[in-house]
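Numbered from 1 within each chain, the chains take letters A, B, ... in sequence-line order.
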Amino acid sequence: MSIRLRFAPSPTGDLHVGGARTALFNWLYARHMGGKFLLRIEDTDRERSTEAAVQAIFDGLKWLGLDWDEEPLFQHTRQEAHCAAVARLLETGHAYRCYCTAEELEQMRAEQRAHGGKPRYNGRCRHRTDAPDQPFVVRFRTPSEGMVGFDDLIKGRVAVANEELDDLVLQRSDSTPTYNLAVVCDDAEMGITHVIRGDDHVNNTFRQLHLYEALGLKAPQFGHMPLILGEDGAKLSKRHGATSVFEYARLGYLPAAMRNHLARLGWSHGDQEQFTTEELVAAFDIKDVGASPSVFALQKLDSLNGWYLRNGDLDEVTDLFADFLQQEAIPIEVDHDSARLRRIVESQRERTATLKEMAEKSDYFFREEIDLDEKAAHKHLRPVVLAPLRELRDTLAALPAPLTAEGVKPPFEAILERHGLKMGKLAQPVRVALTGGGISPGIYDVIEIIGKERCLTRLDAAIAYVERRAEHP
RNA sequence: GGUCCCAUCGUCUAGGGGUUAGGACGCCGCCCUCUCACGGCGGAAACAGGGGUUCAAUUCCCCUUGGGACUACCA
């Protein structure tokens with residue numbers, strides 16, 4: 001029988017990095033084993049769940065390249081089944097009605113805390129036989145003795161004494177089901193065989209194991225992944241900066257890089273650092289997932305992203321860059337010349353880590369006008385380069401458009417030779433003239449990409465600048 | 001506080017009773033070079049501490065310490 005895994009987020013916000021990794025590991029394991037990867041939207045809390053968040057989760061998964069099988073199950077549509085399960089537990093004595101009010105519970109916990117004990121429900125309504133006409137919740141009658149345990153796919157044997165667990169609420173006073181009950185019913189209904197989720201769920205697993213037992217259902221296998229930590233060592237959260245996968249998309253990270261980085265958090269395969277999706281699927285095994293938490297390091301993501309930028313298919317990266325420019329509404333001239341964009345990407349991807357950086361550093365390719373960086377201009381646009389600059393200007397003017405890197409190289413070198421200049425002596429001034437600053441791709445590429453007309457305009461401006469300097473030193 | 005989990009360079013990690021403890025990111029140096037990068041070469045950098053077990057522990061066990069998670073009528 002093929003295995004069935006699921007990702008079950010609650011739709012209360014964007015897909016965050018932690019959830020993305022959980023989804024990725026489930027997806028990888030399912031694909032590796034030739035099983036199914038399902039989606040379930042845990043929206044039993046109707047107050048906090050939103051339609052937009054559901055869409056955001058779908059979009060986030062798609063962005064990461066994680067596809068799912070079958071129709072996503074919306075948990076709120078299963079309420080009837082959940083209630084039936086509660087009724088069954090009530091009948092079999094595995095559950096009971098609790099009439100304690102929120103105030104009473106709060107007081108109960110306050111007292112326990114005051115006595116140094118752990119705040120938990122004390123089972124006050126466990127044995128009551130009356131049925132007052134008051135609101136009630138249904139609680140699970142947790143075994144008071146013995147242990148619950150399981151062999152975790154990642155951690156190994158994990159167990160706890162039953163007395164540490166209190167009687168959890170299965171059904172709220174408005175008769176809606178709570179998380180643990182719904183999860184058990186739905187995982188069973190969906191035929192889930194392996195539950196891979198975050199470490200923060202181990203406590204729930206103990207409770208859920210009891211529910212499986214009481215309901216007479218077969219429990220799946222569990223694997224709890226260590227959490228992702230922020231750079232300060234605490235569980236990754238909003239206060240660590242970007243946590244939503246969309247934020248990373250907006251920062252110019254590629255899905256492939258994010259996928260790779262997330263996969264390498266807690267999982268490894270020998271010394272291999274970069275993986276194609278196919279390699280990831282082939283190599284991934286839940287047995288190789290480590291048990292210790294890991295820090296989400298942006299620097300590593302950056303280097304990985306740079307790698308994918310450089311080594312990805314040029315056309316694909318160009319498309320990604322075009323989408324990025326459009327989404328971020330980078331003020332570029334409306335330019336549908338994809339060949340030119342392709343050249344920009346080709347020359348910039350060797351020197352940038354993100355699409356965002358690529359966009360920022362390509363400013364002078366997109367703008368009509370450029371500003372000369374004061375310091376760079378002062379350093380490189382000096383009277384000594386006036387002659388070669390003028391010569392280059394006239395040489396380019398005489399060349400047929402469009403200018404190409406290859407075509408520009410010989411005359412450029414000829415000018416160098418005539419003036420007895422080293423490459424750097426002219427390249428830097430030209431670079432400043434054309435880009436405004438001292439940093440850019442190779443100068444021939446820059447000339448080609450900027451194009452003849454603009455090169456002439458910018459060269460003229462630079463020449464004028466030098467002339468002014470020569471007149472007023 | 002209680003319960004559960006975790007512990008190899010700063011970070012992600014490989015390894016595993018006997019190794020010069022390996023790789024990657026970052027950092028430093030050199031090379032390449034028209035700038036910045038890329039690339040290449042080299043370097044600094046780790047088995048938390050204490051007890052056992054053993055001929056031999058970084059590796060197995062225990063304790064300590066440190067870190068994290070959970071402790072809702074949220075999921």
Given the options A:Arg207, A:Arg139, A:Arg120, A:Arg124, A:Asp166 meets salt bridge (charged side-chain N to carboxylate O under 4.0 Å, His left out) only with A:Arg207
Query - Given A:Arg343, A:Arg454, A:Lys409, the one that forms salt bridge (charged side-chain N to carboxylate O under 4.0 Å, His left out) with A:Glu448 - result: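 Checked A:Arg343, A:Arg454, A:Lys409 against A:Glu448; only one passes salt bridge (charged side-chain N to carboxylate O under 4.0 Å, His left out): A:Arg343.
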Here the residues of residues 302-314 of chain A within 4.0 Å heavy-atom distance, strictly under, of RNA chain B are A:Ser303, A:Arg310
Side chain [X] and base [N] donor-acceptor under 3.5 Å:
X	N	result
A:Lys155	B:C5	no
A:Glu273	B:G23	yes
A:Arg351	B:C38	no
A:Asn203	B:A69	no
A:Ser173	B:C73	yes

* For residues A:Tyr179 and A:Asn204, is any side-chain donor paired with an opposing acceptor at under 3.5 Å? -> no
Is there a donor-acceptor contact under 3.5 Å linking the side chains of A:Asp43 and A:Ser49?
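No, because no side-chain N or O of A:Asp43 sits under 3.5 Å from a partner of the opposite role on A:Ser49.
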_So for atom CD, which belongs to A:Glu104, do other residues, nucleotides or ligands contribute more than 12 heavy atoms lying within a distance under 6.0 Å?_
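Counting other residues, nucleotides and ligands, CD of A:Glu104 exceeds 12 neighbours.
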Distance, rounded to the nearest Å, where [X] contributes [atom1] and [N] contributes [atom2]:
X	N	atom1	atom2	answer
A:Lys375	B:C36	NZ	P	14 Å
A:Tyr444	B:C34	OH	C1'	8 Å
A:Asp200	B:G68	CG	P	15 Å
A:Arg349	B:C38	CZ	C1'	11 Å
A:Phe206	B:C70	CZ	C1'	10 Å

Can you give me every donor-acceptor pair (side chain of residues 81-88 of chain A, partner residue at least two apart or in another chain, under 3.5 Å) with its distance?
| residue | atom | partner | partner atom | Å |
| --- | --- | --- | --- | --- |
| A:His82 | ND1 | A:Arg78 | O | 3.3 |
| A:His82 | NE2 | A:Asp186 | OD1 | 2.9 |
| A:His82 | NE2 | A:Asp186 | OD2 | 3.2 |

Taking only the P atom of each, what is the distance from B:U11 to B:G68 in whole angstrom? 14 Å
Exercise for the section: Take atom P in B:A48 and the same atom in B:A57, then report the distance between them in whole Å. Expected result: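 It works out to 16 Å between them.
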Taking 4.0 Å as the cut-off, does a side-chain nitrogen or oxygen of [X] come that near to OP1 or OP2 on [N]?
X	N	answer
A:Ser440	B:U35	no
A:Ser294	B:U11	no
A:Arg109	B:A72	yes
A:Thr44	B:A75	yes

Next on the checklist: Using heavy-atom distances to pick each residue's nearest nucleotide on RNA chain B, tell me which of A:Phe296 and A:His201 is more 5'.
Outcome noted: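 With A:His201 and A:Phe296 compared, the 5'-side residue is A:Phe296.
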Do A:Arg367 and A:Tyr364 form a cation-pi contact, if we require the NZ or CZ to be under 6.0 Å from the six-membered ring centre and within 45 degrees of the ring's axis?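 Cation-pi check for A:Arg367 and A:Tyr364: fails.
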